[in-house]
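First up is the structure itself, then whatever we jot down about it.
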Number of protein chains: 2
Amino acid sequence: MQYADAKQRFIQAWGTLGATWGINKAMAQIHALLLLSVEPLSAEEIMKELKMSRGNVNMNLRALIDWGIVRKENRVGERKEYFSTGKDVWELARQVSRERRRREIEPILQVLSEVQDVTGDNKKSVAEFKQVTQDLYDFSTKVDGMIEKFTKADQTWFYKLLMKL
Amino acid sequence: MQYADAKQRFIQAWGTLGATWGINKAMAQIHALLLLSVEPLSAEEIMKELKMSRGNVNMNLRALIDWGIVRKENRVGERKEYFSTGKDVWELARQVSRERRRREIEPILQVLSEVQDVTGDNKKSVAEFKQVTQDLYDFSTKVDGMIEKFTKADQTWFYKLLMKL
DNA sequence: ATAAAGTTTCAATAATATTTGAAAGTTTGA
DNA sequence: TCAAACTTTCAAATATTATTGAAACTTTAT
């Protein structure tokens with residue numbers, strides 16, 4: 001397969017994958033492009049390559065920076081900004097897990113604990129409610145702890161863990 | 001907090017959480033309602049409780065059944081169908097992991113391997129491309145294996161694993 | 001064979017999310 | 001201070017996804 005085709009195919013697939021996670025397509029595609037690029041790219045270059053508007057590129061670059069997976073770079077004697085992403089897949093996974101933990105698990109734990117002190121006449125329903133939300137809370141807490149460990153550990157730890165399975 | 005409020009709050013939160021994953025709000029809300037319900041519910045009851053159209057309830061129930069997390073039940077002497085979901089959080093997590101693995105990891109592994117035999121003039125770019133896609137492939141394969149283990153193991157195994165961390 | 005009781009489908013509509021691009025803002029050098 | 005080079009914003013336009021509801025379909029009892 002020719003380089004240009006492979007590149008297109010990868011960027012497309014990465015965009016689709018992103019979309020099935022909460023990450024929008026443009027954001028995932030910009031990330032894919034940066035992953036493949038040997039040199040950092042300017043907004044201009046990204047626009048041209050992905051046929052995206054300036055505003056879209058700018059907004060999604062900012063989101064990627066906010067997620068902590070893309071960096072801005074400045075070159076001496078140049079006004080333009082360049083963007084790059086780390087090529088370390090492990091580090092990427094950690095960063096994404098960390099953000100998703102913060103954005104998703106924390107809010108649901110919050111709700112689950114708020115809702116625990118429920119009262120009502122229908123004993124059976126209330127009991128079932130407490131049971132289910134308590135179970136979910138316990139499980140989520142465990143997963144949360146696991147992700148926390150994961151995001152703080154180093155790659156070696158992870159590989160050793162995989163061995164044990 | 002009163003039962004009715006707590007219930008609403010939980011259903012709402014579960015819907016939102018679902019939406020940030022690839023699961024649509026209605027689907028997650030129906031699931032939440034069934035989770036809390038002591039008895040199986042009919043489509044009619046779900047419609048009424050969630051103020052959703054018949055079609056929407058039907059389609060999303062089918063999707064939940066397709067995901068393997070909701071069951072149809074028939075009662076003797078009744079034409080109507082009733083729906084229920086398992087209350088075991090662990091089993092739910094396994095089922096969801098299994099489906100997401102099938103729907104998301106498998107396709108990306110497919111693309112990553114297809115794209116490996118890339119050729120082109122720009123040696124450096126091609127080398128970078130191969131490196132990145134290979135790394136992603138390896139990592140994804142590992143995660144895939146981990147999820148497979150997870151979905152086949154039992155709860156005890158998981159808790160023991162958590163202990164080790 | 002018919003009708004009652006229910007389920008499923010799907011085209012139209014509504015709601016959400018993404019993208020554009022022009023205008024406003026910022027930074028830098030002369 | 002000015003203007004060139006670049007970045008950011010955001011209201012409007014587009015595209016995508018979810019929802020409705022009426023009609024078609026299915027099943028069962030008589």
Side-chain angles (χ1 to χ4, degrees), chain A residues 11-34 39-67 70-84 103-104, chain B residues 11-34 39-67 70-84 103-104:
Chain A
I11 290 173
Q12 219 43 50
W14 205 238
T16 307
L17 184 74
T20 72
W21 283 58
I23 296 158
N24 91 33
K25 203 171 61 150
M27 187 169 156
Q29 288 181 334
I30 293 172
H31 180 245
L33 181 64
L34 291 175
E39 295 294 319
L41 301 176
S42 66
E44 205 78 29
E45 291 166 316
I46 296 169
M47 279 170 65
K48 198 156 144 271
E49 187 105 32
L50 300 180
K51 292 169 168 58
M52 248 177 231
S53 73
R54 184 176 299 285
N56 203 11
V57 167
N58 183 270
M59 285 174 93
N60 284 295
L61 276 171
R62 280 198 298 108
L64 284 163
I65 290 168
D66 188 46
W67 272 68
V70 160
R71 281 187 310 283
K72 247 187 203 178
E73 275 179 40
N74 287 294
R75 290 183 188 173
V76 286
E78 269 201 271
R79 182 90 55 87
K80 211 181 293 185
E81 293 170 333
Y82 288 84
F83 302 88
S84 66
R103 291 163 204 241
E104 289 160 35
Chain B
I11 290 173
Q12 221 43 52
W14 206 239
T16 307
L17 184 74
T20 73
W21 283 61
I23 295 158
N24 91 33
K25 203 172 58 152
M27 188 171 156
Q29 288 181 336
I30 293 172
H31 179 244
L33 181 63
L34 292 175
E39 295 295 318
L41 301 176
S42 67
E44 206 77 29
E45 291 166 318
I46 297 170
M47 279 171 64
K48 197 156 144 271
E49 188 106 30
L50 300 180
K51 292 168 168 61
M52 246 176 233
S53 73
R54 185 175 298 285
N56 203 11
V57 168
N58 184 268
M59 284 173 95
N60 284 294
L61 275 172
R62 281 198 296 107
L64 284 163
I65 290 169
D66 189 45
W67 272 69
V70 162
R71 281 188 311 284
K72 248 185 203 179
E73 274 179 43
N74 286 294
R75 291 184 186 171
V76 286
E78 268 202 273
R79 181 90 55 83
K80 214 180 289 184
E81 294 170 332
Y82 288 83
F83 302 89
S84 66
R103 289 162 205 241
E104 289 159 36

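For clarity, every value in this text was computed on a predicted model and none was experimentally measured. In the text below, chain A, chain B and the rest are named by the order of the sequence lines, each starting its count at 1.
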TODO: Take atom CE of Met47(A) and atom P of dC6(D), then tell me their distance rounded to the nearest Å.
DONE: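 Atom-to-atom, Met47(A) to dC6(D), this comes out as 13 Å.
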- [ ] Would you kindly give the CG-to-P distance between Asn24(B) and dA17(C), to the nearest whole Å?
- [x] 12 Å
TODO: Describe, as an angle rounded to 10 degrees, how the axis at the first end of the helix from dA1(C)-dT30(D) to dA30(C)-dT1(D) is tilted relative to the axis at the last end, five pairs per end.
DONE: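 The angle, to the nearest 10 degrees, is 10°.
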Task: Student check: side-chain heavy atoms of Asp66(B) and Arg62(B) closer than 4.5 Å - done: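 Heavy-atom side-chain distance check fails, nothing below 4.5 Å.
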Task: Tyr82(B) side chain reached by Glu45(B) side chain, heavy atoms, under 4.5 Å - done: yes
Open item on the list: Show the nearest heavy-atom pair for residues Gln29(B) and Gly15(B), with the distance to one decimal.
Closed with: CG-CA, 3.9 Å
Open item on the list: Please give me the minimum heavy-atom distance between Ile65(A) and Val70(A), naming the atom from each residue.
Closed with: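 The pair with the smallest heavy-atom distance is CG1-O, 3.5 Å.
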TODO: List the steps, then state whether side-chain contact (heavy atoms from CB on, under 4.5 Å) holds for Leu64(A) with Trp67(A).
DONE: CA-CA 5 Å; Leu64(A) 284 163; Trp67(A) 272 68; 5.6 Å; no
Open item on the list: So Glu81(B), base contact, sugar-phosphate only, or nothing? Heavy-atom distance under 4.0 Å.
Closed with: sugar-phosphate
Open item on the list: My understanding is that only residues two or more places apart in sequence, or in another chain, count here; which of them pass side chain to side chain donor-acceptor pair (under 3.5 Å) with Lys72(B)?
Closed with: Glu81(B)
TODO: Identify, between Ala26(A) and Arg79(A), the residue whose nearest nucleotide on DNA chain C lies closer to the 5' end.
DONE: Ala26(A)
TODO: Going by the side chain to side chain contact (heavy atoms under 4.5 Å, CB included) test, name the single residue among Leu34(A), Leu41(A), Val57(A) that passes it with Phe83(A).
DONE: Leu34(A)
Task: side-chain contact (heavy atoms from CB on, under 4.5 Å) assessment of Ile46(A) paired with Leu61(A) - done: CA-CA 10 Å; Ile46(A) 296 169; Leu61(A) 276 171; 4.1 Å; yes
Task: Nucleic acid contacts - residues 49-66 of chain B versus DNA chain C, non-hydrogen atoms under 4.0 Å - done: Arg54(B), Gly55(B), Asn58(B), Met59(B), Arg62(B)
Task: Presence of Lys72(A) side-chain N/O under 4.0 Å of dT8(D) phosphate oxygens OP1/OP2 - done: yes
